[in-house]
Amino acid sequence: QVQLVESGGGLVQAGGSLRLSCAASGGTFTNYAMGWFRQAPGKERQFVAALSWSGASTYYADSVKGRFTISRDNAKNMLYLQIHSLKPEDTALYYCAAVNSGGFFTSEASYDYWGQGTQVTVSS
């Protein structure tokens with residue numbers, strides 16, 4: 001069973017950048033496909049980006065393509081989300097998630113393990 005802890009959120013101005021991190025422990029990291037999701041106040045949690053176990057396959061929500069980059073460092077058991085050109089509508093609690101599989105997944109229901117989230121707030 002893997003445990004996930006997110007970090008790197010904060011308050012930034014529109015147009016700024018952030019790098020979110022997710023530290024994984026308690027499992028063999030390379031067994032897991034990983035994903036990032038976010039939940040804005042009053043809204044359902046939504047898919048942001050997904051990554052296969054090797055990092056070779058990635059997939060992004062249309063709303064973040066070209067601004068967000070998902071990556072992983074398997075040697076360090078770390079998942080990242082680099083965010084550029086932040087917009088106020090990116091304000092949300094960002095979660096990392098893991099599933100013991102070789103593919104990559106965009107559905108929240110596909111993931112078995114979740115972190116507690118890191119808050120990103122973008123001011124206009």
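A quick note: this is a predicted structure, and the numbers were derived from the prediction, not measured.
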In short, salt bridge (charged side-chain N to carboxylate O under 4.0 Å, His left out) pairs touching residues 93-104 with sequence neighbours left out are none
Please list all pairs meeting salt bridge (charged side-chain N to carboxylate O under 4.0 Å, His left out) that have one or both residues in residues 77-88, counting only residues at least two apart or in different chains. none
Ser17: which residues meet the side chain to side chain donor-acceptor pair (under 3.5 Å) condition with it, sequence neighbours left out? His84
Between atom [atom1] of [X] and atom [atom2] of [Y], what is the distance when rounded to the nearest 0.5 Å?
| X | Y | atom1 | atom2 | result |
| --- | --- | --- | --- | --- |
| Thr69 | Arg67 | OG1 | CZ | 11.0 Å |
| Phe37 | Leu93 | CZ | CG | 13.5 Å |
| Leu79 | Ile70 | CG | CD1 | 5.0 Å |

Nearest heavy-atom pair of Ser124 and Ala14: which atoms, and what distance? CA-CB, 4.3 Å
Non-hydrogen atoms of Glu6 and Gly117 that approach each other most closely: OE1-N, 2.8 Å
Joint hydrophobic cluster, Phe104 plus Phe47, side-chain heavy atoms closer than 4.5 Å: yes
Do Leu51 and Phe68 belong together in a cluster built from hydrophobic side chains that touch within less than 4.5 Å? yes
Hey, could you give me each pair passing side-chain hydrogen bond (donor to acceptor under 3.5 Å, both in side chains) that has a residue in [range]? Not counting sequence neighbours.
| range | value |
| --- | --- |
| residues 91-105 | Arg38-Tyr94 |
| residues 104-114 | Arg45-Glu108 |
| residues 49-64 | Asp62-Lys65 |

In short, disulfide bond (SG atoms under 2.5 Å apart) pairs touching residues 48-94 with sequence neighbours left out are none
Qualifying disulfide bond (SG atoms under 2.5 Å apart) pairs with a residue from residues 41-91, counting only residues at least two apart or across chains: none
For Arg72 and Asn77, what are the C-alpha separation, side-chain angles and deciding distance, and is it a side chain to side chain contact (heavy atoms under 4.5 Å, CB included)? CA-CA 8 Å; Arg72 65 193 295 164; Asn77 290 356; over 6 Å; no
Do the side chain of Thr121 and the main chain of Leu11 share a donor and acceptor less than 3.5 angstrom apart? no
Return yes if some donor-acceptor pair links the side-chain N/O of Gln13 with the main-chain N/O of Ser123 below 3.5 Å, else return no. no
Quiz: residues 20-31 side-chain donor-acceptor pairs under 3.5 angstrom, not counting sequence neighbours:
none

My understanding is that only residues two or more places apart in sequence, or in another chain, count here; which of them pass side-chain contact (heavy atoms from CB on, under 4.5 Å) with Leu86? Val12, Leu18, Ile83, Asp90, Val120, Val122
Apply side-chain contact (heavy atoms from CB on, under 4.5 Å) to Lys43 and list each qualifying residue two or more places apart in sequence or on a separate chain. Ala40
Any side-chain heavy-atom pair from Tyr32 and Val99 closer than 4.5 angstrom? no
Whichever hydrophobic residues join Met78 through chains of side-chain contacts under 4.5 Å: Tyr80
